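For the numbers below, each heavy atom of this structure counts, side chains included, while hydrogens, waters and symmetry mates do not. Values in this document were obtained by computation on a predicted structure and should not be read as measured data.
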2 protein chains.
Amino acid sequence: MEGLNSQPANNRRMTKVFKALADGTRQEILQLLEEHSYAVGEIVAKFDLSQPTISRHLSVLKEADLVIDQRRGQNVIYRLNDSALAASMRQFFGRFRSCQEVLR
Amino acid sequence: MEGLNSQPANNRRMTKVFKALADGTRQEILQLLEEHSYAVGEIVAKFDLSQPTISRHLSVLKEADLVIDQRRGQNVIYRLNDSALAASMRQFFGRFRSCQEVLR
DNA sequence: GCGACTCATAATCGCTAGGTCAGGGGTTCA
DNA sequence: TGAACCCCTGACCTAGCGATTATGAGTCGC
């Protein structure tokens, strides 16, 4: 079953991205980061979840290259990876005619 | 079912869509259906997976409204739900500035 | 109606995902 | 150096996912 290498590396990347997006909390985090950057503690304060849980969600988003983290003193600041998000969108949906009509 | 209402209904729909997309096999099925419609048996023949497994994947895609099924004699024909796919793309990615620039 | 064919569903199993608490590493400041 | 703060990682539990086999439900031709 592992001999199935017909699946392009692109699909594996898209799978990682979609897995990251397939969670309500992570979707909300992304929309939060659309406003501006946030420290982890600030994000935690916006949700009814423990800090480790948020930290893991952020880790998943980071693994998918959808956010970027940066140490700033004691804090770790997370910001949206705008370009990667747009690139992912094009990369996958561009394969479909109906979506191409909607893409620039 | 209505307990956690902090998350908009839109997000729950997007979560369903992204969960459906977060699997390599289902991504390939969608790209296959981009060509044209296929009967279940034809799709099964293209993968190294059992018929029930493919059937289940198709069910997930259908639940997410990404494909449409139609009985045709003994066969069940699946086709891509073009408009829903494009609509989902807009609905989610339209929230991000960096993506709006890429959307028409 | 019967048998053959096509697809969906049920029961099951192993693995992954998401949640918690506990603990540790990095950074700041006195 | 040590205390306080911020965040990440490890260990663990439960629930859900993806796969299988076995079986059931529609449909067609005879």
### Task
Can you check whether any acceptor in the base of D:dA4 is under 3.5 Å from a donor in the side chain of A:Q74, or vice versa?
no

### Query
Within the structure, does a side-chain N or O atom of A:N75 lie under 4.0 Å from either OP1 or OP2 of C:dT27?
no

### Query
For residues B:R56 and B:T53, is any side-chain donor paired with an opposing acceptor at under 3.5 Å?
no

### Summary
Taking every heavy atom of A:L103 against every heavy atom of A:M89, the minimum-distance pair comes out as CD2-CE, 4.3 Å

### Query
Would you call B:D69-B:K62 a salt bridge at under 4.0 Å N-O?
yes

### Interatomic spacing from CD in A:E63 to NZ in A:K16 - rounded to 0.5 Å
4.5 Å

#### Entry: Sugar-phosphate, base or nothing in reach of B:R56, heavy atoms under 4.0 Å
nothing

### Protein-nucleotide distance (A:K19, atom NZ; D:dG18, atom P), rounded to Å
6 Å

### Query
Could you give the CD-to-C1' distance, from A:E63 to D:dT9, as a whole number of Å?
14 Å

### Task
Find the distance A:L21:CG to C:dA17:P and express it as a whole number of Å.
15 Å

### Task
Calculate the interatomic distance between B:D48 atom CG and D:dG18 atom C1'; express it in whole Å.
15 Å

#### Entry: Spacing of A:L49 atom CG relative to C:dA17 atom P, expressed in whole Å
18 Å

### Query
Does a nitrogen or oxygen in the side chain of B:S55 sit under 4.0 Å from OP1 or OP2 of C:dC7?
no

### Summary
Closest to the 5' end of DNA chain C, once A:R71 and A:A22 are matched to their nearest nucleotides, is A:A22

### Query
Among C:dG19, C:dT20, C:dG18, which nucleotide sits nearest the side chain of A:R26?
C:dG18

### Message
Once you apply a heavy-atom cut-off of 4.0 Å, does A:R72 come out as touching a base, just sugar-phosphate, or nothing?
### Response
nothing

### Query
Would one find a side-chain N or O of A:H57 under 4.0 angstrom from OP1 or OP2 of C:dA17?
no

### Task
Take atom CZ of B:F18 and atom P of D:dC17, then tell me their distance rounded to the nearest Å.
17 Å

### Message
Of the listed nucleotides (C:dG18, D:dC7, C:dA8), which one gets closest to any side-chain atom of B:V76?
### Response
C:dA8

### Summary
To the nearest angstrom, the CD1-P distance between B:I77 and D:dT27 comes to 14 Å

### Pairwise 5' ranking along DNA chain D for B:P52 and A:I54, keeping only the more 5' one
A:I54

